[in-house]
> 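Below is one structure. I have some questions about it.
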Amino acid sequence: MIRSVVRGFGSALPKQVVTNKELESRVETSDEWIVQRTGIKQRYLAGEGETTASLGAAAAQAALDNAGLTVADIDVIICATSTPDNTFPATAVNIQARLGMTHGFAFDVQAVCTGFVYAVTTADAYIRGGLAKRALVIGAETFSRILDWTDRTTCVLFGDGAGALVLEAQEGQGLTADRGVLSAKLRSDGSHKDKLYVDGGPSTTGTVGHLRMEGREVFKHAVGMITDVIEESFASSGLSSEQVNWLVPHQANLRIIDGAAKKLNIPMEKVVVTVDQHGNTSAASIPLALATAAGDGRIRKGDLVLLEAMGGGFTWGAVLLRW
Ligand SMILES: CC(C)(COP(=O)(O)OP(=O)(O)OC[C@H]1O[C@@H](n2cnc3c(N)ncnc32)[C@H](O)[C@@H]1OP(=O)(O)O)[C@@H](O)C(=O)NCCC(=O)NCCS
């Protein structure tokens with residue numbers, strides 16, 4: 001059977017690093033409060049000329065270089081983002097143009113912080129369905145541009161960046177020892193909208209709007225939703241948490257990551273944590289963490305990697321893949 005195998009990875013961050021200390025001059029907060037509640041120490045913020053598409057294109061090019069491929073080898077670009085350069089065209093199409101690719105097709109996926117999990121699942125379905133042989137799957141965000149910089153309860157949590165994978169169709173045996181995506185589970189429940197949303201949009205206010213969040217409410221649901229969907233992935237694949245080499249969670253908050261790992265019995269030594277460095281980069285956080293841990297040699301060929309995320313909507317999901 002056809003499997004969608006990771007052939008390359010890449011990432012890109014804005015030039016400007018902003019520490020918690022530096023945020024103290026913008027809003028009434030402290031390094032101590034932010035670290036204690038979230039684990040975040042710094043984040044990267046997009047400056048002039050840096051956009052979701054520019055960061056996404058840089059991450060995509062890095063993934064192509066890592067794979068030893070060019071755009072000529074790619075059939076589809078899928079970009080997960082909630083902070084597109086324009087309402088339309090899709091950021092993926094913008095990235096396609098920046099990469100100099102005029103064949104194939106490109107489109108965006110919007111599932112907020114679960115975006116990359118949705119995008120990998122979508123790419124896997126296209127590859128297994130025979131619609132594409134190779135996919136560039138990107139998570140790219142500039143959340144700094146939709147933050148209310150006077151609201152200390154949200155503006156300290158997020159950052160900007162992008163990450164990408166090249167997924168390639170390869171023949172597998174249909175076993176869990178195969179390389180590639182082994183299981184993908186997606187969920188959403190729109191009744192939770194008011195807990196995490198953006199208060200604007202083309203069809204309502206005609207403006208972009210700002211991110212609004214009831215932090216405690218999100219926190220309350222996060223661990224349960226994440227672990228439920230992971231348990232479903234284990235049940236349907238026949239794999240278990242002991243077999244996981246690396247948990248690569250969405251990087252929103254160290255306490256949520258810690259809580260999920262504990263509930264799943266996965267020791268923190270097997271968890272990739274980048275939230276301290278990047279903050280919450282929404283759909284970009286998982287591919288940024290993957291590029292970090294694959295780049296420094298922690299994630300190796302053959303490792304069982306568990307991706308999970310939860311975000312606005314609510315949306316949530318998990319992917320099990322063998323690297
Ligand atoms: C946002 C979050 C860190 C807040 O932590 P919390 O322990 O729930 O804190 P609370 O909201 O109860 O606020 C506690 C106090 O800190 C204050 N506070 C809020 N933000 C602050 C900041 N940046 N700096 C200093 N104090 C702050 C609050 O005003 C409140 O003060 P009060 O008690 O005088 O009213 C936490 O709720 C959280 O992590 N939620 C999940 C958010 C998330 O990950 N979202 C993305 C999902 S994809």
Side-chain angles (χ1 to χ4, degrees), residues 18-43 45 80-83 109-119 139 141-144 146-161 186-190 192-199 210-230 248-261 271 273-276 278-289 307-318:
V18 177
T19 63
N20 292 346
K21 197 93 200 131
E22 287 169 274
L23 286 185
E24 289 176 11
S25 62
R26 288 204 190 194
V27 284
E28 205 183 321
T29 190
S30 67
D31 175 51
E32 195 196 353
W33 190 95
I34 301 171
V35 171
Q36 199 182 61
R37 307 283 171 129
T38 71
I40 298 166
K41 294 177 183 154
Q42 60 169 46
R43 74 285 295 139
L45 299 182
T81 189
S82 301
T83 46
V109 163
Q110 212 274 50
V112 203
C113 296
T114 321
F116 193 74
V117 172
Y118 272 61
E141 302 281 14
T142 46
F143 258 52
S144 65
I146 56 164
L147 295 173
D148 174 353
W149 283 99
T150 64
D151 175 14
R152 68 174 181 173
T153 69
T154 53
C155 75
V156 302
L157 304 174
F158 295 90
D160 304 331
L186 301 181
R187 290 294 318 278
S188 67
D189 180 352
H192 294 285
K193 180 205 153 196
D194 290 348
K195 301 181 181 86
L196 178 50
Y197 68 105
V198 169
D199 64 2
H210 290 113
L211 182 146
R212 305 292 172 204
M213 179 171 72
E214 292 175 31
R216 268 193 192 176
E217 284 298 310
V218 176
F219 198 95
K220 223 166 66 187
H221 288 84
V223 174
M225 285 178 161
I226 292 163
T227 50
D228 281 357
V229 78
I230 291 173
V248 185
H250 167 50
Q251 310 281 322
N253 182 308
L254 192 55
R255 289 191 297 160
I256 296 174
I257 294 173
D258 206 32
V271 184
V273 175
T274 52
V275 68
D276 55 331
H278 301 154
N280 181 348
T281 58
S282 194
S285 93
I286 290 177
L288 268 166
L307 316 179
E308 56 87 343
M310 181 261 187
F314 290 145
T315 55
W316 66 106

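Numbers here are sequence positions counted from 1. First listed ligand is number 1; within each ligand, the first listed atom is number 1.
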> By number and element, which atoms of ligand 1 are closer than 4.0 Å to a non-hydrogen atom of Ile256?
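Listed by number with element, the hits are 44 (O).
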
> Can an N or O of Asn280 be found at a distance shorter than 3.5 Å from an N or O of ligand 1?
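No; the residue has no nitrogen or oxygen that sits under 3.5 Å from a nitrogen or oxygen of the ligand.
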
> Using protein heavy atoms only, decide if any is under 4.0 Å from atom 26 (N) of ligand 1.
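Yes.
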
> Between CG of Asn280 and CD of Gln251, what distance do you get to the nearest 0.5 Å?
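It comes to 9.0 Å.
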
> Mind checking whether Thr38 has an N or O less than 3.5 Å away from an N or O of ligand 1?
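No - when backbone and side-chain N and O of Thr38 are compared with those of ligand 1, no distance drops under 3.5 Å.
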
> Do Glu141 and Thr83 pair up side chain to side chain, a donor and an acceptor below 3.5 Å, judged on atom types alone?
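Yes - a donor-acceptor pair under 3.5 Å links their side chains.
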
> Return a yes/no value: protein heavy atom under 4.0 Å from atom 33 (O) of ligand 1?
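Within 4.0 Å of atom 33 (O) of ligand 1, no protein heavy atoms are found.
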
> May I ask which of Ser285, Ala252, Cys155, Gly311 has a heavy atom nearer to atom 44 (O) of ligand 1 than the others do?
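That would be Ala252.
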
> Report yes if some N/O of Trp33 lies less than 3.5 Å from some N/O of ligand 1; otherwise report no.
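So ligand 1 has an N or O lying under 3.5 Å from an N or O of Trp33.
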
> For atom 31 (O) of ligand 1, which of the options Arg152, Arg216, Met310, Lys220 provides the nearest non-hydrogen atom?
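Of the listed residues, Arg152 has the closest heavy atom.
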
> Thinking salt bridges, do Arg212 and Asp148 make one under a 4.0 Å N-O criterion?
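Salt bridge present between Arg212 and Asp148.
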
> With backbone taken as N, CA, C and O and side chain as the heavy atoms from C-beta onward, which portion of Val156 lies under 4.0 Å from ligand 1: side chain, backbone, both, or neither?
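It is the side chain that gets close, since no backbone atom is under 4.0 Å.
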
